[in-house]
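What's counted below: heavy atoms across the whole structure, side chains too, no hydrogens, waters or symmetry copies. Position 1 is the first residue of the sequence, and the numbers go up from there.
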Amino acid sequence: MRALRSLAAVVIVASGLTLAPSERASIAVAAECVSNVGPGIPPPSSVPSGLPGFHAAWYGQSGYPTLCPGQPAKAVVAFYNSGSLGWMRAPDHYAALGNWGPSPGQDQPSILGGDGTHGTPNTRFAGYPRPAAMPADYIGPGQVAWFEFTVKAPMTPGTYRFYLRPLIEYVQWMEDYGVFWQVTVLPGDPPQRVTVSAVDTSSDSFTAGGTTFRYDRSDTFEIYDATIRYEDFKQLLSAADVIDIRYQSTAAGMSSFNVAADIGNERPTVKAEAGNFDGGPTKNDVSLTITPPASNAVREYPSQRALVPVATTVCEATSGQYKPEGMGVHPEGSYVDRDLPSGTYCYRSGPQGAPWFAYSAPVTVPAP
């Protein structure tokens, strides 16, 4: 991950943090699929400056990643404020990156990243069509903004692209430089699954099955397939947690850690059943039963519903546009989602305040 590490260092220094590459002392069994990030793309030798109004010039980016199925990777792109007006965290001067065409299209969801809504994976975009918001409170004319976001490889091998364009939210799109991110997905076996036996936060490491695994800020972290920060992973990691790992033992390697079971805060079981549960004449209701593990301390679970294609066989984050309207927060147990139009639905629910969900099987409400 040498190329991305060198670019990310600029962002880190600007925010007052200093990183040193960690030494990964123990070597785990290497996965058949080995990910990497290509060389960073340097800025042009010159860019326009002082143009009247809001303007942005592309100013370099990290390299394109080659990933294993389902693996996340960090990405960084820089834009120079080539206009006469500053970008600031205010409603009428707020700078962000937006999804653009030809793929996925202006303000359209991408399978490479999003916020877990509109069929996107939860890689913690600023919004499903907004990969990143401005990284500082103010970016003045002549200054450079480094936008950082996370992409995630689809499960099907191939080459994928999505295009980006900077904008001032609610005001205008700025220059289109044809910036895109290309993600190559290799065939590969599932990640290695381990159970944590001991954690040493002082050295950013944990032990599982007699092997010590080390992590640092350049790695990627998830919980139940939702992107989290290094700080989140370090705080929640505990003995008996189950982690899916794609591990590279060198400091320059790119490793990924996905918490598959966070003991004490696990996902519930979600069961959905269509029928007539409100005494009406038609079977247009869905009974939803939420059953958390007994070890969970959380007892409230926000729920969301998505209308999905009839042929859907498995409910997941990318199945459809999950919406909380009318669902609300419920304690464990059963309740009824009443008077639905005919169609096939997926439901999801997770611990209150957590960015991860468990999914039901698809459920079909028949035509009257």
Is it the case that one hydrophobic cluster holds both Leu51 and Trp87, taking links as side-chain heavy atoms less than 4.5 Å apart, direct or via other members?
no
With a 6.0 Å cut-off (strictly less than), is the heavy-atom count around CD of Gln106, excluding the residue itself, greater than 12?
yes
Does the pair Asp285/Arg338 count as a salt bridge with the N-to-O cut at 4.0 Å?
no
Do Tyr94 and Leu85 share a hydrophobic cluster (ILVMFWY, side-chain heavy atoms under 4.5 Å, transitive)?
yes
Can you tell whether the side chains of Lys152 and Glu222 come within less than 4.0 Å, N to carboxylate O?
yes
Are the ring centres of Phe213 and Tyr247 closer than 6.0 Å?
yes
Assess, by modelled atom type and distance only, whether the side chains of Ser49 and Tyr80 contain a donor and an acceptor separated by less than 3.5 Å.
yes
Exercise: identify the closest heavy-atom pair between Phe149 and Val77
CE2-CG1, 4.1 Å
Could you measure the distance from the CG atom of Asn81 to the CD1 atom of Ile139? Nearest 0.5 Å is fine.
8.0 Å
Give the minimum heavy-atom separation between Pro362 and Val314, together with the two atoms involved.
CG-N, 4.0 Å
Can you check whether His93 and Tyr138 have ring centres sitting under 6.0 Å from each other?
no
Are Phe162 and Phe180 near enough that their ring centres are under 6.0 Å apart?
no
Would you say the ring centroid of Phe79 lies under 6.0 angstrom from that of Tyr59?
no
Are Ile245 and Val199 connected in a single hydrophobic cluster, I mean Ile/Leu/Val/Met/Phe/Trp/Tyr linked by side-chain heavy atoms less than 4.5 Å apart?
yes
What is the distance from atom CG of Leu307 to atom OG1 of Thr344, rounded to the nearest 0.5 Å?
7.5 Å
Between the side chains of Tyr163 and Arg161, is a donor N or O closer than 3.5 angstrom to an acceptor N or O?
yes
Would you call Arg246 and Asp189 a salt bridge, taking side-chain N to carboxylate O under 4.0 Å as the test?
no
With distance as the sole criterion, is a donor-acceptor pair present between the side chains of Asn122 and Asp225 under 3.5 Å?
no
What distance do Tyr230 atom OH and Arg217 atom CZ have between them, rounded to the nearest 0.5 Å?
5.0 Å
Cys33 side, atom SG; Gln71 side, atom CD - distance, nearest 0.5 Å
6.5 Å
Are Trp173 and Phe54 linked, directly or through intermediate hydrophobic residues, by side-chain heavy-atom contacts shorter than 4.5 Å (ILVMFWY only)?
yes
Under 3.5 Å, is there a donor-acceptor pair linking the side chains of Ser287 and Tyr335?
no
To check you understand the geometry: which heavy-atom pair defines the closest contact between Ala96 and Phe147, and what is its length?
CA-CE2, 4.2 Å
Could you tell me if Asp107 and Tyr128 have a donor-acceptor pair between their side chains, going purely by distance under 3.5 Å?
no
Cys315 side, atom SG; Tyr345 side, atom OH - distance, nearest 0.5 Å
12.5 Å
Would you sort out whether Val336 and Phe277 count as a side-chain contact (heavy atoms from CB on, under 4.5 Å), showing the intermediate values?
CA-CA 7 Å; Val336 176; Phe277 300 108; 3.8 Å; yes
Is it true that Phe357 and Tyr224 have ring centroids separated by less than 6.0 Å?
no
Ionic contact status for Glu169 with Arg130, cut-off 4.0 Å:
yes
Both conditions, 6.0 Å and 45 degrees, for the charged tip of Arg348 above the ring of Tyr359: are they met here?
no
Is any side-chain N of the basic residue among Arg124 and Asp115 closer than 4.0 Å to the acidic one's carboxylate O?
no
Would you give the length of the straight line joining atom CE of Met134 to atom CG of Leu97, rounded to the nearest 0.5 angstrom?
11.5 Å
Taking 4.0 angstrom as the limit, do Asp244 and Arg193 come out as a salt bridge?
yes
side-chain hydrogen bond (donor to acceptor under 3.5 Å, both in side chains) between Gln248 and Ser35, intermediate numbers included
CA-CA 9 Å; Gln248 295 185 33; Ser35 58; 3.2 Å; yes
Decide, yes or no, whether a salt bridge links Glu273 with Lys283 under the criterion of side-chain N to carboxylate O below 4.0 Å.
no
Start with the C-alpha gap between Thr150 and Thr123, add the side-chain angles, then the distance that decides, and say whether side-chain hydrogen bond (donor to acceptor under 3.5 Å, both in side chains) holds.
CA-CA 6 Å; Thr150 298; Thr123 59; over 6 Å; no
